[in-house]
Amino acid sequence: MTKADIFEFFRRLAELNPAPETELEFGNTYQLLVAVVLSAQATDVGVNKATRALFHSVKTPAQMVALGEDGLKQHIKTIGLFNAKARNVIALSEILVAQYGGEVPADRDALVELPGVGRKTANVVMNCAFGAETFAVDTHIFRVGNRTGLAKGKTPLAVEKQLEKKVPAPFRVGAHHWLILHGRYICKARTPECWRCPVVDLCRFKDKVLEKRGK
DNA sequence: ATCCCGAGGG
DNA sequence: CCCTCTGGAT
């Protein structure tokens, strides 16, 4: 995509959704962090279903530690990978209590040190909680970036670096959400709905995708 | 490279 | 059935 196409790409997505937010439900930054950890390889809908009751009683890392690993498992049993996630959430909560006064650090390097938190999760928290210009390259953004030609790369990190270079300044904070929503609802993995895509004319894989659907 | 692991959709 | 869903740790 040309520089002008990229600007137009985000201009349109921004116009359709002026104030994009994560679809994960949370009441504070700590709950956001937990929700994002739970969302790995899971849908937001599924995570929200589990956290609704959990976050009613657990609002701080100290309360999570008090709940305990087995107690947490009862809440998140319906989410994939729940054993590893329960262990990580308890462990990271213990660290927040012991080392950060129960607060979530506004620092990516510190976040990545927490168990269960990788670069992608840290980037989501930095963006959603602290308004940082970070790009959390998940399955959606990786696919949309490569498919459209906006940000091509063989690894999520490579795509992230491309986005940092190519996303125009006015869209850097919102780009993460716009790309996620676009990937989730229109540029879907299996059946991209190009016929109702607002940026189809800017996409280099349009013909390929439409042809594939015809088969 | 492989394992963790459940719900919903096509 | 098989694929996908805002991955991370080993």
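Every chain is numbered from 1, with letters handed out A, B, ... down the list of sequences.
The existence of a salt bridge linking A:Glu160 and A:Arg108 is confirmed by a sub-4.0 Å separation between a basic side-chain nitrogen and an acidic carboxylate oxygen. For the pair A:Arg184 and A:Glu23, the salt-bridge criterion is met [side-chain N within less than 4.0 Å of a carboxylate O]. Between A:Arg12 and A:Glu15 no salt bridge is recorded (no basic side-chain N to carboxylate O distance below 4.0 Å).
On the P atoms, B:dG10 is 14 Å away from C:dT6, given to the nearest whole Å.
Heavy-atom nearest nucleotides on DNA chain B were determined for A:Ala84 and for A:Thr78, and the one closer to the 5' end corresponds to A:Ala84.
Distances from the side chain of A:Arg184 to the nucleotides B:dC4, C:dC5, C:dT6 place C:dT6 closest. Distance from the side chain of A:Arg190 is smallest for C:dT4 among the nucleotides B:dG6, C:dG7, C:dT4. Among the nucleotides B:dC4, B:dG6, C:dT6, the one closest to any side-chain atom of A:Val124 is C:dT6. Considering only the side chain of A:Leu81, B:dC5 comes nearest among B:dG6, B:dC5, C:dT4.
We find that CD1 of A:Ile79 is positioned 12 Å from P of C:dT6, with the value rounded to whole Å. The NE2-C1' distance, from A:His140 to C:dT6, rounds to 6 Å in whole Å. Atom C1' of nucleotide B:dC4 and atom CD1 of A:Ile76 are separated by 12 Å, given to the nearest angstrom.
For the atom pair CG of A:Leu163 and CG of A:Leu150, the computed distance is 5.5 Å after rounding to the nearest 0.5 Å.
The residue A:Gly116 sits close only to the backbone: its heavy atoms come under 4.0 Å of sugar-phosphate atoms, none of a base. Across all strands shown, A:Asn88 has no heavy atoms under 4.0 Å from either base or sugar-phosphate atoms. If you check every strand for non-hydrogen atoms under 4.0 Å, A:Lys49 touches sugar and phosphate atoms only.
Considering only side-chain N and O atoms, A:Thr139 lies under 4.0 angstrom from the phosphate OP1 or OP2 of C:dC5. Using a 4.0 Å cut-off, some side-chain N or O of A:Asn83 falls inside it from OP1 or OP2 of B:dC5. Considering only side-chain N and O atoms, A:Arg143 lies under 4.0 angstrom from the phosphate OP1 or OP2 of C:dC5.
Looking at A:Thr43, its side chain has no donor and acceptor atom pair within 3.5 Å of the base of C:dT4.
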